[in-house]
Structures are given as C-alpha cells and as structure tokens.
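Heavy atoms only: backbone and side chains are in, while hydrogens, waters and symmetry mates are out.
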Amino acid sequence: LAFAGWAAMRSSLTQVLPDGDRTAATVRPLLPLLFTVFYLQNLSGLVIGALQAIHHGYIGSLVLLTGTLTQLVLALLLIPSWGLAGLATAQASQYALMLVLGWQLYRCFLARASGRAVPLLPRLASWSTAIEVMGFSLKAQLANFVNGLFEPLAKLLIGHVAGLNILGLFEVAYRVVVLPRNALVAG
C-alpha cells in the first residue's frame with residue numbers, strides 16, 4: 001500500500017499542495033524516503049506485535065525505546081544540515097533498527113521456547129495461508145481507514161449543519177467518551 005500511495009501522490013502533488021510547483025519540487029524528492037519510513041514503521045510494528053504475542057511485550061517496549069532514542073540522536077545530528085530529509089532519515093533509521101533488533105530477539109525467544117533453530121527469514125507455510133493473511137490484513141486496513149475518517153467527517157458535518165456552538169459541544173462530549181475508552185483499551 002505504501003508504494004501505491006507513493007505512485008498516487010507523486011503524480012498529483014501539484015494539485016494537492018499549496019503553491020503547486022514550487023512546493024512539489026521540494027517535497028517530490030522526499031516522497032520515496034517518506035514512504036520507506038511508512039513501510040519500515042509497519043514492519044517494525046509487526047515485529048513488536050510478534051514479541052507481544054509470545055508474551056515478551058516488555059522486550060518490545062525496550063526495542064521501541066531504543067529506536068526512539070536512536071531517532072532523537074540522529075535527528076539532532078542530521079536536521080541542522082539535511083533539514084526535512086534528516087528527520088526522515090532519522091525516522092527510517094529508527095524503524096530499521098527496531099525491525100532488525102526486534103526480529104533477532106523474536107527469533108531467539110522462539111528458538112529457546114521450541115528448542116529448534118529459527119530461520120533468518122520466515123518461510124511461507126502455503127499460498128492459501130498467505131492469501132488468507134493478506135485478506136485479513138486488507139480488511140483490517142480498510143476498517144482502520146474508515147474508523148479514522150469518522151471523527152473528521154463527523155466534525156465537518158456537524159459544523160456545517162449545526163454551527164460552531166454545537167460543534168464545540170460535540171467536541172467536549174466526544175472527548176469525554178473517547179479519552180477514558182482509549183485509556184481502558186490501552187491498558
């Protein structure tokens with residue numbers, strides 16, 4: 001999905017960005033790096049989730065902390081000279097480190113629990129399993145996308161139809177309901 005997004009954004013940047021061509025000329029060279037960051041972020045999240053699935057979530061938190069500290073140090077070093085590309089490089093480095101470190105730890109814990117060596121790269125059990133996982137992933141992505149649209153669309157419609165006073169009341173009521181719910185879900 002990241003690469004499809006890159007292709008779509010690359011062709012329509014001048015229509016989407018303010019100040020069209022000038023801003024697009026600045027942003028266009030960064031798009032591959034930004035979508036690489038997005039891709040690495042998803043893969044590292046998968047590995048952190050795998051650590052949680054085998055009851056080593058605390059190790060996943062340490063990997064996340066290590067990645068965040070790495071990004072902070074690299075951002076402080078790279079942003080003054082590279083600008084926005086320095087920030088994107090720091091983020092890519094963060095997620096790449098988290099991916100490699102988390103995967104190696106996952107392999108070690110799995111090998112220790114099973115008593116067998118775990119291959120460096122996973123092997124597909126079967127095409128039918130891969131298709132089933134891909135179908136589930138696409139449905140989950142679609143559900144997350146639609147869920148992410150709810151709040152901004154609701155605010156847009158309420159503000160347009162009922163006015164800013166009612167929108168303010170909706171915002172307060174929404175926060176009263178959502179913030180405690182998110183705290184409970186987060187654990």
Hey, any chance Leu153 and Val177 share a hydrophobic cluster, counting ILVMFWY side chains that come within less than 4.5 Å of each other, even indirectly?
no

Look at atom CG of Leu164 and say whether more than 12 heavy atoms of other residues, nucleotides or ligands are closer to it than 6.0 Å.
no

Note: Ala75 and Pro80 closest approach over all heavy atoms is O-CD, 4.0 Å

hydrophobic_cluster_shared for Ile131 and Leu46, side chain cutoff 4.5 Å
no

Do Leu43 and Tyr95 come within less than 4.5 Å of each other through their side chains, counting heavy atoms only?
no

With the 4.5 Å side-chain cut-off for hydrophobic clustering, are Ile54 and Leu105 part of the same group?
yes

Specify the closest pair of heavy atoms between Ala90 and Leu74, including all atoms of both residues, with the distance to one decimal.
CB-CB, 3.8 Å

Atom pair CG (Leu30) and OG1 (Thr36), whose distance is rounded to the nearest 0.5 Å
11.0 Å

Do Phe109 and Leu51 have side chains that approach each other closer than 4.5 Å (heavy atoms only, starting at C-beta)?
yes

So which heavy atom on Gln94 is nearest to which on Thr68, and how close?
NE2-OG1, 3.6 Å

Do you know the tightest heavy-atom contact between Ala92 and Leu33?
CB-CD1, 4.4 Å

Leu120 side chain near Gln104 side chain, heavy-atom distance below 4.5 Å
yes

Stepwise side-chain contact (heavy atoms from CB on, under 4.5 Å) test for Leu110 and Arg116
CA-CA 8 Å; Leu110 215 53; Arg116 295 183 291 170; over 6 Å; no

Spacing of CG belonging to Leu62 relative to NE2 belonging to His56, to within rounding of 0.5 Å
12.5 Å

At what distance, to the nearest 0.5 angstrom, does CD of Gln71 lie from OG1 of Thr89?
11.0 Å

Taking atom CD as the centre, does Glu132 end up with more than 12 heavy-atom neighbours from other residues, nucleotides or ligands that are less than 6.0 angstrom away?
no

Once rounded to the nearest 0.5 Å, what's the spacing between atom CG of Leu101 and atom CD1 of Ile48?
8.0 Å

To the nearest 0.5 Å, what is the distance between CG on Leu179 and CZ on Arg181?
10.5 Å

Should the heavy atoms of other residues, nucleotides or ligands under 6.0 Å from CZ of Phe145 be counted, would the total exceed 12?
no

Within-4.5 Å side-chain heavy-atom neighbours: Leu40 and Met98
no

Flag if over 12 foreign heavy atoms under 6.0 Å of CG, Asn144
yes

What is the distance from atom CZ of Phe170 to atom CZ of Arg175, rounded to the nearest 0.5 Å?
9.5 Å

Hydrophobic clusters here meaning ILVMFWY residues chained together by side-chain heavy-atom distances under 4.5 Å, can you tell me if Leu84 and Leu34 are in one?
yes

If hydrophobic clusters are built by linking Ile, Leu, Val, Met, Phe, Trp and Tyr wherever their side-chain heavy atoms come under 4.5 Å apart, do Ile158 and Leu169 end up in the same one?
yes

